[in-house]
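On a predicted model such as this, the values are computed, not experimentally measured, just so you know. Residue numbers start at 1 and run along the sequence shown. Computation of the quantities below employed the complete heavy-atom set of this structure, encompassing side-chain atoms and omitting hydrogens, waters and symmetry-equivalent molecules.
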Amino acid sequence: MSNQKLININILYIILIIFIGCSLRFAYFIDIDAWFDEWNMLYTIDPNISTEDTWNRYYGDRGDYNLPEYYPPLNAFFLKFILGISDYNIENTRLLSLIFGSGSLCLIFYLSKIFTNFKYSILTTSIASLNLFLIWQSAEIRPHSFVVFFSLLSTILFLKILNKNFSENKVLFFFYFLTSLILLSSWPFALIIFFAKFIFLFHEFFLLKKINKKIFFLLFLIILFYILLNYNYLIYHLARDEHYTKLKLSFFYSYHFRSFFGSIPMGAIFLILFSFLLIKNFKNIFHQNSKDNLLLSIILSSYFLTITYSIISASVISPKYVIFILPLIIIWIVLKIETLNFKFKNILIIFLIVAVTFNCFINFKKNPIDRPPTKDILNIIIKSDIDQIYTNESEVFNNFVKIHKIFKKENLKINKVNNIQLKNKFWFMCLNNPRYTGRNINFPIEKKCKILDDDKSLILMEEIKITDYILRKYEKKI
């Protein structure tokens, strides 16, 4: 087989793998619902309100209650801009995560190719394409996929400029500066990456007795500009004394691998493999100046710094906070598998591909925290030919419901019960013991869902109870 033909076949392989990864992300993207925190984000980024109102909502004004955002404002205003030039609906908001989540697969392949050959780069991209955590995060109305994309791009550019002459590569250096600034401004935990880069450079200096002054200066410059541009946000964020996760003993059994790889068995396989390869290569890591040490430096720094911060300040033990290390873990594991010299190596590779594939398709829709099935409720309403909905819920919730595409397409209407204008028939929609509050469907019906029970002018025609919701159809007495 000629070299050109082999190259063409390899290109087809990688296109197919990335296409499968993108298709899986799109398949999960379709018909997915939203969590409570996403409802609040959607309320914040409404493109129809003023910049002042956006800031008020960002800092907590929800109309009926107060709940501040802690994600960097760059993401909120970027989403608001995108929705302002398209259409304000949930699907368009998720589309951005889908695009960056899919684009990350190309960067994972490119970063792998810096370290290894085509065969192992394909293996890395295959595992990433089928990785459930990356698939799930590619549909969230949060900056996680955006952060993964720019962390990979920043890492690639860092490796590119590492031994380059500044005067001959000014554009490349500027591009690295810009992407790094975007990354940090999108995610404060990305500072870990830059801490790890300093560790990597100090290790290089220790071995080679040569300091890379231009890179040191550039890293300091990036962090300085980041602090100047995000000073108010950093003060605001550092004042936060509580996060939604806690440092528990169970963390030290899994180190996020259970979440990262979508199930307990898959997480155990990769954690054991990672641990074995780390121990096996421990001596070489310290005594060899290898570029892939950068990946390990970022991985280990993420665990060290988040654990340390959680002990001395607020707990920040969440896999989402350090999602940018997941592609690096996959790449590093594959790189070290390549160095193994034993006859069962190919069997190990086949086992990993088969295991990851089965795990993906068995657990594809089994996200550990299910979203309230709002689209199911809307589809029930649409089939009834009744277009009027009333709720006793928050302004945030009503906004979330009315920006569904199917809501707009079917010209449904939603109002609060205190603005009720009785028609012959209408639906009353109520969040009943939603799971995000720690309750479940077996609890007694909430009082707020019984608000119309004493209204003698109404007849209850139908009641539908599904997880997180109760839906009641009323008819006005003649």
Side-chain angles (χ1 to χ4, degrees), residues 107-108 110-117 120-121 124 148 150-181 183-184 187 189-227 274-275 277-308 322 324-340:
L107 296 181
I108 289 168
Y110 190 91
L111 181 57
S112 301
K113 278 290 282 122
I114 292 175
F115 300 108
T116 186
N117 59 30
Y120 288 96
S121 297
T124 300
V148 170
F150 275 94
S151 66
L152 288 166
L153 185 57
S154 176
T155 303
I156 289 168
L157 291 171
F158 177 80
L159 292 168
K160 289 287 186 183
I161 66 170
L162 201 53
N163 296 306
K164 296 284 187 181
N165 185 287
F166 175 75
S167 59
E168 297 175 0
N169 297 275
K170 290 179 182 178
V171 174
L172 195 60
F173 274 78
F174 174 75
F175 194 36
Y176 172 69
F177 174 84
L178 185 62
T179 55
S180 297
L181 209 54
L183 170 62
L184 288 171
W187 203 244
F189 290 95
L191 281 166
I192 294 169
I193 297 174
F194 291 83
F195 174 84
K197 288 173 180 176
F198 279 116
I199 297 295
F200 174 79
L201 291 173
F202 278 118
H203 180 251
E204 184 182 63
F205 170 71
F206 176 76
L207 292 177
L208 303 180
K209 308 301 179 187
K210 183 179 68 174
I211 189 164
N212 202 326
K213 293 180 182 179
K214 62 181 184 301
I215 301 297
F216 266 106
F217 175 75
L218 183 58
L219 292 178
F220 277 117
L221 195 64
I222 289 167
I223 293 172
L224 176 62
F225 269 77
Y226 165 65
I227 292 171
F274 179 81
S275 302
L277 293 170
L278 182 61
I279 294 168
K280 187 178 185 302
N281 291 276
F282 195 77
K283 186 176 180 181
N284 291 339
I285 290 166
F286 283 98
H287 293 93
Q288 291 182 5
N289 181 40
S290 175
K291 284 185 177 181
D292 61 44
N293 283 344
L294 173 64
L295 308 183
L296 188 62
S297 180
I298 295 172
I299 295 165
L300 298 182
S301 293
S302 297
Y303 286 111
F304 171 74
L305 291 177
T306 52
I307 291 171
T308 302
V322 290
F324 50 81
I325 70 172
L326 176 52
L328 307 186
I329 289 172
I330 295 170
I331 294 171
W332 191 85
I333 287 174
V334 171
L335 293 178
K336 297 310 167 187
I337 287 175
E338 182 185 8
T339 64
L340 292 177

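For residues 192-204, the set of pairs meeting the side chain to side chain donor-acceptor pair (under 3.5 Å) definition, not counting sequence neighbours, comprises S154-K197, Y176-K197. Note on residues 281-290: no pairs pass salt bridge (Lys or Arg N to Asp or Glu O under 4.0 Å), not counting sequence neighbours. Among residues at least two apart or in separate chains, there is no salt bridge (Lys or Arg N to Asp or Glu O under 4.0 Å) pair with a member in residues 296-307. Note on residues 210-224: pairs passing side chain to side chain donor-acceptor pair (under 3.5 Å), not counting sequence neighbours, are N212-K214.
For the atom pair OG1 of T155 and OH of Y110, the computed distance is 13.0 Å after rounding to the nearest 0.5 Å. The structure places OG of S302 at 10.0 Å from CZ of F195, a figure rounded to the nearest 0.5 Å. Here L157 contributes atom CG and F174 contributes atom CZ; the two are 12.0 Å apart, rounded to the nearest 0.5 Å. Expressed to the nearest 0.5 Å, how far CD1 of I192 lies from CG of L184 amounts to 11.0 Å. A distance of 9.5 Å separates CD1 in I193 from CG in L294, rounded to the nearest 0.5 Å. Considering CD1 of I325 and CG of L300, their distance stands at 9.0 Å, rounded to 0.5 Å.
For S297, the side-chain contact (heavy atoms from CB on, under 4.5 Å) test picks out A196, I199, S301, with sequence neighbours left out. With sequence neighbours left out, T179 forms a side-chain hydrogen bond (donor to acceptor under 3.5 Å, both in side chains) with no residue at all. Remark: I285 engages L278, N281, N293, L296, W332 in a side-chain contact (heavy atoms from CB on, under 4.5 Å) (not counting sequence neighbours). Partners of F225 under the side-chain contact (heavy atoms from CB on, under 4.5 Å) rule, at least two apart in sequence or in another chain, are F177, L181, L221. Legend: residues meeting side-chain contact (heavy atoms from CB on, under 4.5 Å) with F115, ordered by chain and number and at least two apart, are L111, L159, K291, D292, L295, I331, L335. Shown here are the side-chain hydrogen bond (donor to acceptor under 3.5 Å, both in side chains) partners of Y303, two or more places apart in sequence or in another chain: there are none. For K170, the side-chain hydrogen bond (donor to acceptor under 3.5 Å, both in side chains) criterion is met by no residue, not counting sequence neighbours. Taking F220 as the reference, F198 meet the ring-ring contact (aromatic ring centres under 6.0 Å, His included) condition, with sequence neighbours excluded.
Here the side chains of L201 and L219 are in contact, with some heavy-atom distance below 4.5 Å. Two residues are said to be in side-chain contact when any heavy atoms from C-beta on lie closer than 4.5 Å; F200 and L162 meet this criterion. Between I330 and I108, every side-chain heavy-atom pair lies at or beyond the 4.5 Å cut-off. Looking only at side-chain heavy atoms (C-beta outward), I161 and N169 stay at 4.5 Å or farther from each other. The shortest side-chain heavy-atom distance between S112 and V334 does not fall under the 4.5 Å cut-off. Taking 4.5 Å as the limit, every side-chain heavy atom of F324 sits out of range of all side-chain heavy atoms of L183. Contact check for Y120 versus N117: side-chain heavy atoms found under the 4.5 Å cut-off. You'll find the side chain of F158 reaches within 4.5 Å of the side chain of I215, heavy atoms only.
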L340 vs L277, side-chain contact (heavy atoms from CB on, under 4.5 Å): CA-CA, chis, key distance, verdict: CA-CA 9 Å; L340 292 177; L277 293 170; 4.0 Å; yes

Residue pair S180, F194: steps toward the side-chain contact (heavy atoms from CB on, under 4.5 Å) verdict: CA-CA 9 Å; S180 297; F194 291 83; 3.4 Å; yes

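The ring of F286 has its center closer than 6.0 angstrom to the ring center of F282.
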